[in-house]
Amino acid sequence: MCRFLKHLKPLTVMTFAVFALPWRFTRGWVLCELCIYSGMAPPGLIYTSRADTGGIQETAQDDTVYVSRLYSESLLSKRNEVSLSAMCFLYQGIIAHFHKRSKTLQEFEGMLSEFGAKIGLRLLELLNFRSSISPTSASAASAANTARSNVYSSNISTPNLTKPSANSVAVRDSANLSDPQLDHSSSSMSAATPVTQEKRTSNTTANTASTVATGTTTPHNKNEYLSEHITKMKRRDLKILDILQFIHSTLWSYLFRHVSDDLVKSSERSNEFMIIDNNPILTQFINPSFNHNGSCDYFVCGIISGFLNNAGFPCDVTAHPVPQGEFERRTVFLIKFNDQVVERETLRYG
Amino acid sequence: MTVYSFWIFDRHCNCVFDREWTIPSEARSGTLNSRQNDDTAKLLYGMLFSLQSITNKIADPAMGANNVQCITMGNFRVHAFKTASGLWFLLLTDFKQQNYSQVLQHLYSEVYVKYVVHNWLSPVDFAFTSDETQGQGFRKIHNRRFVAAVESVLQPMLV
Amino acid sequence: MPQSRSSSLSSSNPANAPQVRHLKALGDDTWKNKVEKVNAEFFHLTYGTIVAQLCEEYAGDYARVNGELFQIGYNLGVRLIEDFLARTALPRCDTFLKTSEVVSKCAFKIFLNLTPEVAHWNAARDSFDLVFGENPLAEHVELPPGASGQLWFSNVLCGVLRGALEMVQLDCDVEFVSDTLRGDMSTDIRVKLNKVLRDEIPAGED
């Protein structure tokens with residue numbers, strides 16, 4: 001399992017080092033993966049769990065320490081769904097909770113953003129893992145899906161820069177241009193959402209095995225581990241455009257089941273980029289008078305900034321409502337990279 | 001198919017919304033939320049409530065819920081829709097159309113739920129203290145988007 | 001086995017079986033056709049983060065965290081019931097047994113795509129358990145040390161149920177009795193009916 005480590009770029013290893021368990025307990029990807037993923041587990045700790053949950057037992061000196069069954073659960077995407085109502089209700093409950101605790105609008109936006117950042121940092125690792133699934137391990141049935149996924153892999157075709165318009169330069173790659181109107185309805189995933197269309201293992205014991213709290217912790221079939229499908233980790237995104245493309249396509253499809261509506265580079269400032277969503281689904285029921293500054297969209301800003309900051313692209317993300325035409329709630333997420341990022345990019349890539 | 005007025009009563013017997021059109025086919029006419037506990041609102045609710053109590057006493061409970069749906073007067077009809085959460089939606093109309101239950105359900109699910117329930121700035125319980133229950137309350141739905149949506153649903157029916 | 005006992009209770013009355021099937025069909029059909037869906041993992045991540053945040057805020061006072069989650073759930077439940085009624089147009093249930101079926105087959109299905117079992121009816125038939133295999137909101141979650149005996153991770157569900165049932169005039173106590181996150185065999189929520197609230201009457205009419 002440790003052979004994967006040598007494919008990692010140093011930064012990713014460092015990220016893991018922050019979150020990974022001490023070396024003597026490391027048992028391959030699964031442990032590292034889930035330590036990061038779990039919303040509750042503070043990093044770097046081993047929890048004692050009850051003996052009858054069947055944790056992997058490790059003896060260290062004179063203590064018997066149990067690593068909980070969490071670390072043998074599969075990270076393969078189960079593609080489960082809940083209703084949009086439930087999500088919106090939960091989201092509004094969270095907004096009400098932060099609203100009570102903040103005295104100014106800036107404080108509220110800051111708290112919401114920080115909250116989103118915690119999710120963003122987890123999604124960075126998780127989605128990078130999932131997009132590293134090698135095509136050869138896909139079954140015939142999902143071969144078509146993974147073929148599409150190659151379009152959005154990190155070896156993306158160079159962006160097709162269009163003629164600069166008055167205010168901004170639209171950055172799109174050829175694959176994106178050829179995409180027909182994206183279907184925003186939830187009933188179908190558009191063609192540009194390949195990463196979440198994971199290879200479904202033919203036996204579904206992945207779910208049942210990891211939910212059995214009684215004896216064995218490891219799923220019966222090795223194919224149910226995400227790491228089994230990875231032969232080569234996806235290279236860490238080093239260019240601004242690459243990581244923004246990843247956000248525009250993979251992250252947005254994971255969150256909202258469609259790619260974002262536009263990815264635009266500002267022509268006025270070299271460190272500003274914009275991701276545009278014509279109809280943010282989480283805030284669709286919120287009264288516009290409450291959300292007139294786009295305050296409630298700071299959750300998504302937080303996710304983006306958590307994602308980028310932890311990927312090595314320090315930045316600030318803000319949300320601005322910019323209605324246009326029929327899209328009354330069109331929101332622009334403005335990403336302002338720190339100067340060092342732009343400098344680094346120019347130095348390295350000219 | 002003329003709609004004369006639209007009322008919403010909540011589970012505390014309060015009128016939380018009323019919209020009356022005084023000049024037929026003139027969408028901007030009429031009053032909005034003007035009935036603060038006056039006789040008309042109280043009488044309407046009282047009539048509904050009494051009829052509902054009678055129904056519950058007469059009807060066989062095994063047959064399921066029995067809510068008042070339509071009351072016919074000499075000159076107009078009252079169409080009622082009651083939700084399990086105790087909300088009453090009322091439409092006062094003429095005789096041209098027999099059944100407005102679809103309209104009322106639409107007003108509930110697409111307008112009330114969308115603009116009042118999902119809007120956390122708007123309360124769902126309009127009686128803030130116990131003094132405002134039992135028909136003593138006075139708060140109304142003033143949400144602009146809700147009012148606009150109600151108008152847009154009912155406007156085609158004003159003629 | 002508890003499940004067989006409860007299922008024999010509900011199937012002993014033949015009139016219930018078609019009702020139950022109808023409710024299940026209603027729940028499934030509404031979920032398939034009338035509900036917009038989002039990624040469940042995103043939902044679970046968001047929920048897990050709010051619980052983690054509350055735990056941090058209250059620095060280990062898990063009773064307060066439970067209370068806060070319940071309150072969030074209650075505020076959510078009084079609104080969620082309207083959404084539920086608008087989607088299903090179900091009338092008030094005439095028996096508590098029907099309530100249990102509506103909650104398990106329709107409500108959870110429509111919002112969370114889950115169908116818990118109804119079990120452990122008590123002798124007075126006013127209390128039942130909703131049995132989930134795994135904790136429904138806890139995907140890839142582990143309780144920190146010290147919380148294991150005190151924190152009910154999905155306590156928001158109890159608040160939601162209490163708030164929603166109160167709006168249909170059922171005063172219930174809803175609480176967790178077991179949780180797989182704590183090492184128990186299943187995740188159980190106990191719903192106990194205290195009383196049926198009477199509809200309000202206008203002042204002066206009684």
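In what follows, every chain begins at residue 1, and chains take the letters A, B, ... in the order their sequences are listed.
Residue C:P91 comes nearest to B:A84 through the heavy atom pair C-CB, 4.1 Å, listed as atom of the first residue, atom of the second, then distance. Heavy-atom minimum distance, B:H12 versus C:E200: ND1-OE2, 2.5 Å.
When atom types are taken as modelled, the side chain of C:R79 and the backbone of B:V116 share a donor-acceptor pair closer than 3.5 angstrom.
Most heavy-atom pairs under 4.5 Å with chain B: of the set C:M167, C:E82, C:Q169, this distinction falls to C:E82. Ranked by heavy-atom pairs under 4.5 Å with chain C, the list B:V113, B:N67, B:T83 is led by B:V113.
Counting heavy atoms of neighbouring residues, nucleotides and ligands inside a 6.0 Å radius, atom CD of C:Q150 exceeds 12 of them. More than 12 heavy atoms of other residues, nucleotides or ligands lie within 6.0 Å of NZ in C:K192, so this atom counts as buried by the packing criterion. Crowding of C:N33 atom CG: a count of heavy atoms from other residues, nucleotides or ligands under 6.0 Å exceeding 12. The environment of NZ in C:K98 is crowded: more than 12 heavy-atom neighbours from other residues, nucleotides or ligands sit within 6.0 Å.
C:D199 touches chain B through its side chain: at least one heavy atom from C-beta onward sits under 4.5 Å away, while N, CA, C and O do not. Only the backbone of B:N119 comes within contact range of chain C, with heavy atoms under 4.5 Å apart. For B:E110, no part lies under 4.5 angstrom from a heavy atom of chain C.
Note: B:H118 NE2 to C:L80 CG = 8.0 Å, rounded to the nearest 0.5 Å. We find the CZ-NZ distance between C:R92 and B:K82 to be 4.5 Å, quoted to the nearest 0.5 Å.
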